[in-house]
Amino acid sequence: MRRNRRAKIVATLGPASSSEEMIRKLFETGVDVFRLNFSHGSHEDHRARHTIIRNLEKEYGYPIAVLQDLQGPKIRLGAVPGGRVLLEAGQMIRLALAKTSDDPAVLPLPHKEIFDAAMPGNNLLVDDGKVRLQIERLGADTMDCRVITGGPVTDRKGVNVPDTLLDLSPITEKDKADLAFGLELGVDWVAFSFVQRPSDIMDAHQLVGGRAGVMAKIEKPAALASINDIVSLSDAIMVARGDLGVEIPPEDVPGAQKDLVRLCRLAGKPVIIATQMLESMISAPTPTRAEASDVATAIYDGADAVMLSAESASGQYPLQAVETMDHIIARTERHGSYPPIIEALKPAIEALPQHAIAGAAAEIANAIGAAGIVAFTSSGTTAYRIARQRPFVPILSITPSAGTSRRLALLWGSYSVQSDDVTTYKEMVAQAVTQAKAVEFAKPGETIVVVAGVPFGKAGSTNNIRVVTV
């Protein structure tokens, strides 16, 4: 089941992809990580899908990561007068701290945190930015706004506040209940929505308690202002371009995407590019040329993974979407422009022994044309450091931890296997050769570069390289 590519595919499960047969086909077609979107579906729905995934994992002996995506706080209007109000550009409209309104000149907004934090001149975007309001005057529980972009507004439409840092935790009571359920199931990654500040990630780590990887979804301008600290504190990043593209100008999204991928690679943290990658394939069997180029751009940037949302969750062609994404990734990675672009973006090796060893392993493997790099890792850190260099050969990560093996399914270029820990050099070499042959990673006579830490089994102790002939 090894993939013929380095970048990974994340696919969201939903009504179109809940049966055992469909999940199996999606996995066989190329999915590396399955996303359970807790904005939709019941706990029992997610439990059933998780059970199917784990059964597939046992059957194929191939680690599959499960990503739990928490809903986060949703800012919405209340019930508008008559269920629908048409706003005209230039008119004044009042927003009031209320759940309902009978006055056509007043829209209800039951979120006190916005009234507490907003300032004159701030923008409010309704219905994914289709309607834009600008605050002119503030009262205790009211905001008088000028309509900049008009349009119809109906009950409970979403509201974005791109200019305002809200005193609002990204982890709601629903999220806490969903998180407890997901951790009990045994999810491998948890994505937190609406992250605004580094303290949000610290709170997330406290709740997760090391039982899964913590992923920050970058979808708020406030997060971009503190992005270095957020990346440093997170285990992985998702570039959630949907909401991010509502709150910052669309022309700024490509640059932000490149900056985030670059920053994550420098930090050795996996990064997913998400939202609208193959949007047209929700209802069409083939993508647009622009969508194919969008996926390829993420791969040229060096992203660890690209994600399907509605395309696989509720679209008419989930299998074709995965197959298309698989083909685009593989073709892009084989293109002549790919190696020099990836090489040009290679980060400098930090002046620490473990980083130097990982960098040297990648250089040696490339120089001698090794079949691949075998990394012994307890926590996954050794594999992350090697993948950071984007070697031109695959990485076989050997770990005694099932959780680490699954989380590494998200990492660029890594194929992981679970195996007993080694205690001596002799065992290390024997285990590396055995596993490399077992998964057809290397053939007899080929060389592999083996990376490990002494003492064996101690996280973060990467300090040894061996070149071994299989």
Side-chain angles (χ1 to χ4, degrees), residues 38-40 69-85 87 91-179 191-197 199-200 203-204 216-226 240 242-248:
F38 275 70
S39 294
H40 306 286
D69 197 330
L70 299 177
Q71 176 176 287
K74 293 296 181 183
I75 299 174
R76 299 183 183 277
L77 294 171
V80 304
R84 184 180 187 274
V85 173
L87 302 183
Q91 80 174 85
M92 293 297 296
I93 189 77
R94 172 165 286 184
L95 274 68
L97 182 60
K99 293 183 178 180
T100 62
S101 171
D102 296 324
D103 184 348
V106 178
L107 298 179
L109 183 62
H111 295 277
K112 191 175 188 307
E113 59 274 6
I114 296 180
F115 291 86
D116 290 342
M119 299 290 289
N122 286 175
N123 292 291
L124 291 93
L125 308 176
V126 183
D127 193 11
D128 290 335
K130 295 182 179 68
V131 174
R132 180 183 167 200
L133 313 176
Q134 189 171 71
I135 301 170
E136 292 198 355
R137 291 183 299 276
L138 287 166
D141 296 327
T142 62
M143 291 186 289
D144 293 328
C145 303
R146 179 79 59 185
V147 179
I148 305 301
T149 305
V153 174
T154 55
D155 289 342
R156 295 193 54 74
K157 282 298 181 183
V159 177
N160 293 81
V161 284
D163 310 321
T164 308
L165 180 62
L166 300 178
D167 185 15
L168 182 66
S169 170
I171 309 168
T172 66
E173 291 305 313
K174 169 181 163 40
D175 292 334
K176 290 178 181 178
D178 288 342
L179 176 60
F192 289 83
S193 302
F194 207 81
V195 170
Q196 296 185 98
R197 51 180 76 82
S199 59
D200 294 336
D203 292 342
K217 292 174 66 175
I218 306 303
E219 50 195 340
K220 298 288 293 178
L224 294 176
S226 302
D243 281 322
L244 185 63
V246 171
E247 300 214 4
I248 68 174

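Sequence positions, counted from 1, serve as the residue numbers for this chain.
- Put simply, NZ on K217 and CG on D243 are 7.5 Å apart, with the number rounded to the nearest 0.5 Å.
- Considering every non-hydrogen atom in both S101 and P108, the closest pair reads CB-CD, 3.8 Å.
- The local environment of CG in D116 is crowded, with over 12 non-hydrogen atoms from other residues, nucleotides or ligands closer than 6.0 Å.
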Could you go through the side-chain contact (heavy atoms from CB on, under 4.5 Å) check for L244 and L224 one step at a time?
CA-CA 10 Å; L244 185 63; L224 294 176; 4.1 Å; yes

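- Between Q196 and L165, the closest heavy-atom pair is OE1-CD1, 3.5 Å.
- No donor-acceptor distance shorter than 3.5 angstrom exists from the side chain of D203 to the backbone of D200, with no hydrogens or angles considered.
- Using a 4.5 Å cut-off on side-chain heavy atoms (C-beta onward), L133 and M92 make no contact.
- Atom CG of D155 sits about 11.5 Å away from atom CZ of R76, to the nearest 0.5 Å.
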Run the side-chain contact (heavy atoms from CB on, under 4.5 Å) test on I114 and T164 for me, step by step, so that the C-alpha distance in whole Å, both residues' side-chain angles and the decisive distance to 0.1 Å come before the verdict.
CA-CA 8 Å; I114 296 180; T164 308; 5.8 Å; no

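- The side chain to side chain contact (heavy atoms under 4.5 Å, CB included) test with F194 is passed by exactly one of L70, I75, D175: I75.
- Contact check for L95 versus I135: no side-chain heavy atoms found under the 4.5 Å cut-off.
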Check the pair M143 / L124 against side-chain contact (heavy atoms from CB on, under 4.5 Å), numbers first and verdict last.
CA-CA 11 Å; M143 291 186 289; L124 291 93; 4.1 Å; yes

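- Here the rule is side chain to side chain contact (heavy atoms under 4.5 Å, CB included) with K157, and of L107, D127, V131, V80 only D127 fits it.
- A distance of 10.5 Å separates CD of Q134 from OG1 of T149, quoted to the nearest 0.5 Å.
- Taking 4.5 Å as the limit, every side-chain heavy atom of I248 sits out of range of all side-chain heavy atoms of P162.
- Taking 4.5 Å as the limit, every side-chain heavy atom of L77 sits out of range of all side-chain heavy atoms of R156.
- Here the closest heavy-atom approach between residue S169 and residue P73 is recorded as O-CG, 3.7 Å.
- Of all heavy-atom pairs spanning A140 and F115, the tightest one is O-CB, 4.4 Å.
- With a 6.0 Å radius and a threshold of 12 heavy atoms from other residues, nucleotides or ligands, D103 has its CG atom above the threshold.
- Put simply, the side chain of E247 reaches to within 4.5 Å of the side chain of K220, judged on heavy atoms.
- Among all heavy-atom pairs drawn from S193 and G72, the shortest one is CB-CA, 4.1 Å.
- When all heavy atoms of G121 and D163 are compared, the closest pair comes out as O-OD2, 4.3 Å.
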Could you please spell out the steps behind the side-chain contact (heavy atoms from CB on, under 4.5 Å) verdict for N122 and V161?
CA-CA 8 Å; N122 286 175; V161 284; over 6 Å; no

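- Counting heavy atoms from C-beta on, the side chains of I171 and K176 come closer than 4.5 Å.
- Counting heavy atoms of neighbouring residues, nucleotides and ligands inside a 6.0 Å radius, atom CZ of R94 does not exceed 12 of them.
- Between atom CZ of residue R137 and atom CG of residue D144 there is a gap of 4.5 Å, rounded to the nearest 0.5 Å.
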